[in-house]
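These notes are about the structure you will find just below.
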Amino acid sequence: MELRIIDPLTLTPDVDPAAVPPPSSSGRARRWLVQYPRAIPLVIFLALAAITALSVFAIESNARARERAQMREHAQGVAAALDRSGGGFTSYLRAGAALFASVEEVSPATFDSFVRALKLNTEYSGAEGIGWIPVMEARDLPAFLSRTRASQPAYPDIFPAPTSSTGRVAPVAMFAPETAVNRRALGYDMYSDPARAAAMAEAELTLRPAASGRIILLQETSGTAPAFAIYMPVFRDAGSGERRLKGFVYTPFRAREFLDAAIDRQGQGRFGVRLYDGEVSTGHLLVADSIADAAKETVAQEVVIADRKLMLVIESANVQVLSPLSMVTLVFGLALASLLMLLVRLLTQQAFEDQARLAFFEEQHSIRNSLTRELNHRVKNTLANVLSILSLTRRRASGLDDFADSLEGRIRALSATHDLLTVTDWGTTPIRAVIEAELQHFRVALGDAILLEGPDLELAPNDALSFGLAVHELATNAAKYGALSVPGGKVRIRWQKGDDPAAETAWAEVEWQETGGPPVPGQRRRGFGTELIEKVVAHELRQPVTLDFDPAGVRCVLRVPVRRPADFRIREREADRRVRKP
């Protein structure tokens with residue numbers, strides 16, 4: 001009888017693979033949960049976190065775009081206000097130029113009445129007022145001072161004083177409305193400052209109002225605040241179609257008040273505003289209404305004041321990291337991702353437990369089927385052995401009592417080995433244990449007459465049954481006719497593992513040697529024990545058996561297979577039924 005490896009997969013009925021339906025989506029999902037118990041929840045969490053991050057990014061992008069649109073709208077509003085303010089005073093300057101072009105001599109009283117009639121809102125626009133600057137040669141200054149002091153006795157000397165008697169000078173002759181601060185501008189030579197001189201030259205060339213660059217009104221106000229001025233040229237008809245420059249009507253602006261007047265009060269405190277003369281750089285900064293924090297977003301808007309390009313920069317701190325809607329979306333998304341991850345984690349644990357139960361039930365079913373078939377096979381083999389023993393015993397028995405005694409002894413031998421295998425749970429059984437079980441009653445009676453010697457070797461269950469039957473027959477024969485039948489007789493049983501590496505199955509060589517017994521007759525009748533060992537046992541063990549009836553004592557050599565437990569274990573392999581816990 002040979003035990004075989006039982007594969008649980010072979011227990012399933014034969015089914016046509018084409019007839020097997022494909023696994024359902026729920027089955028695939030369950031299989032994924034079992035195969036990737038940690039990866040699936042993490043992937044779901046990361047996917048929802050990514051969706052949440054994209055949503056927050058979209059919300060923040062829209063908020064940034066809305067913020068920039070508001071900044072751009074604010075910049076356009078401020079630029080329009082600056083343009084209106086500059087354009088309004090340009091109209092006033094054109095009216096003043098028309099006055100001086102049409103009247104040969106304009107007295108200070110007339111000029112002051114004219115300016116008052118314009119109703120200038122100097123407090124709102126940042127303008128100081130309107131002034132008149134005649135242009136003359138340096139050599140004509142004494143005559144100019146004489147005429148001017150006739151109508152303005154307190155008119156000061158020209159400053160800074162001309163360094164040469166040649167060239168043109170442009171002193172401030174009149175300034176209205178007349179105030180103590182504005183009188184400081186009288187007598188100041190505009191050509192002495194490069195920024196002012198450049199603006200006047202531009203106005204003279206283009207015949208239109210021209211704004212100066214960044215200037216400091218040291219002589220006009222009591223501070224050092226940055227300012228700029230707009231100049232309108234006045235020409236006089238010199239005859240023959242020629243025109244001669246008579247002078248300039250101008251207006252100085254305080255940059256701070258000029259910008260503040262244009263800023264939308266509703267945006268103040270939320271956006272910062274910077275006004276640059278030309279390019280955006282520190283050296284060209286006219287005035288700044290900055291915010292407390294460092295600017296994160298800026299919008300630039302070009303403004304043209306009297307043909308001069310200014311750059312208006314609107315800045316926003318944008319100190320809020322995330323908008324309220326983004327915060328709500330982020331918190332809700334992360335909470336939902338965590339909840340789903342926990343839920344999927346619970347599902348993976350449940351799937352694992354279901355898989356473990358299913359594997360256990362399949363294993364039990366497989367073992368039950370295997371044990372049923374194996375038990376059926378072993379019972380058939382045992383009954384076949386019993387029938388063989390019964391047939392041989394009947395042919396060799398001399399009477400009914402002899403038949404009964406012989407049959408009982410052999411069946412008891414089978415029973416003893418069965419009991420030994422039951423104790424070992426039908427696993428491997430040591431050779432020494434099999435021999436001791438069969439010779440137990442002989443060793444109790446004879447003591448040291450039986451000697452055992454050999455290493456620890458394990459036998460498979462069926463091999464142990466056949467080997468035990470052979471030991472029983474040899475012991476029974478020795479007790480009746482051989483060394484165990486007389487005092488002083490001995491039986492030595494020695495075994496060792498075979499040393500043939502080419503053999504398909506390892507084996508143990510067991511030698512039974514009797515000494516000190518009655519001489520073995522040369523001519524003897526072949527008994528049942530001999531036939532049982534040579535036929536039944538040799539057939540079951542599938543190994544040759546040598547029986548030598550030497551006159552000095554019977555010698556028997558058996559080869560018993562020593563198989564690995566995996567060659568006959570009736571259960572699934574541990575690696576095949578292990579379910580890894582998530």
Side-chain angles (χ1 to χ4, degrees), residues 70-90 92-93 120-131 179 181-182 184-185 188 190 193-196 198-199 202 209-231 250-317:
Q70 292 175 353
M71 293 172 61
R72 194 172 295 109
E73 181 181 0
H74 184 64
Q76 292 174 354
V78 174
L82 292 175
D83 184 68
R84 286 195 302 270
S85 180
F89 270 88
T90 300
Y92 297 152
L93 294 180
L120 303 178
N121 191 351
T122 58
E123 295 296 329
Y124 178 76
S125 61
E128 293 286 343
I130 298 178
T179 63
V181 174
N182 290 339
R184 297 179 181 178
Y188 178 73
M190 289 290 180
D193 180 23
R196 292 173 170 84
E202 179 72 17
S212 69
R214 185 175 185 269
I215 60 177
I216 302 299
L217 303 180
L218 293 176
Q219 78 287 350
E220 297 167 350
T221 66
S222 59
T224 59
F228 67 97
I230 300 178
Y231 298 88
Y250 85 103
T251 296
F253 291 87
R254 298 184 300 274
R256 166 62 63 182
E257 286 75 4
F258 182 72
L259 179 63
D260 290 345
I263 292 178
D264 182 8
R265 299 302 176 181
Q266 294 181 353
Q268 209 170 29
R270 182 180 178 187
F271 299 123
V273 181
R274 292 175 180 268
L275 186 62
Y276 293 88
D277 177 24
E279 63 181 22
V280 179
S281 63
T282 304
H284 291 76
L285 179 64
L286 285 177
V287 65
D289 185 14
S290 301
I291 52 180
D293 299 315
K296 299 295 189 302
E297 297 284 344
T298 59
V299 171
Q301 177 73 34
E302 187 179 89
V303 182
V304 178
I305 303 296
D307 285 347
R308 188 170 189 87
K309 292 181 180 180
L310 304 180
M311 190 62 68
L312 181 68
V313 177
I314 306 298
E315 55 189 20
S316 172

Task: Minimal non-hydrogen separation, Ala227 against Leu286, with atom names - done: O-CD2, 4.4 Å
Open item on the list: Do Gln76 and Gln301 have side chains that approach each other closer than 4.5 Å (heavy atoms only, starting at C-beta)?
Closed with: yes
Task: With Asp83 via salt bridge (charged side-chain N to carboxylate O under 4.0 Å, His left out) - residues at least two apart - done: none
Open item on the list: So, taking the atom named OG1 in Thr179 and the one named CZ in Arg184, what distance separates them when rounded to the nearest 0.5 Å?
Closed with: 9.0 Å
Open item on the list: Show the nearest heavy-atom pair for residues Arg196 and Ile215, with the distance to one decimal.
Closed with: NH2-CD1, 3.5 Å
Task: Partners passing ring pair (Phe, Tyr, Trp, His ring centres under 6.0 Å) against Tyr231 (at least two apart in sequence or in another chain) - done: Tyr250
Task: Over all atoms of both residues, closest heavy-atom pair of Gly129 and Pro252 - done: O-CD, 3.7 Å
Task: Distance, nearest 0.5 Å, that separates CG of Leu93 from OG1 of Thr251 - done: 4.0 Å
Task: Aromatic ring pairing Phe228/Phe253, orientation class (parallel under 30°, perpendicular over 60°, tilted between) - done: parallel
Open item on the list: Run the ring pair (Phe, Tyr, Trp, His ring centres under 6.0 Å) test against Tyr276 and tell me which residues pass, sequence neighbours left out.
Closed with: none
Open item on the list: Under the rule for side chain to side chain contact (heavy atoms under 4.5 Å, CB included), what residues qualify as partners of Glu73, not counting sequence neighbours?
Closed with: none
Task: Phe271 side chain reached by Ile263 side chain, heavy atoms, under 4.5 Å - done: no
Open item on the list: Quick check: do Val280 and His284 have side-chain heavy atoms less than 4.5 Å from each other?
Closed with: no
TODO: Could you pull out the closest heavy-atom pair between Ala288 and Arg256, with the gap in Å?
DONE: O-NH2, 2.7 Å
Task: Nearest-0.5 Å distance that lies between atom CG in Asp277 and atom OG in Ser212 - done: 8.0 Å
Task: Nearest heavy-atom neighbours spanning Met311 and Ala300 - done: SD-CB, 4.1 Å
TODO: Not counting sequence neighbours, which residues clear salt bridge (charged side-chain N to carboxylate O under 4.0 Å, His left out) with Arg274? List them please.
DONE: Glu315
Open item on the list: Would you say that Val287 contacts Asp260 through its side chain, given a criterion of any heavy-atom pair below 4.5 Å between the two side chains?
Closed with: no
- [ ] Would you give the length of the straight line joining atom CD1 of Ile230 to atom OG1 of Thr90, rounded to the nearest 0.5 angstrom?
- [x] 4.5 Å
TODO: Please report the shortest heavy-atom distance between Leu312 and Ala79, naming the atom on each side.
DONE: CD2-N, 3.7 Å
Task: CG-CD1 distance between Asn182 and Ile130, expressed to the nearest 0.5 angstrom - done: 11.0 Å
Open item on the list: As an exercise, state the distance from CG of Leu275 to CG of Leu82, rounded to the nearest 0.5 Å.
Closed with: 6.5 Å
Task: By side chain to side chain contact (heavy atoms under 4.5 Å, CB included) - contacts of Ala198 (at least two apart) - done: none
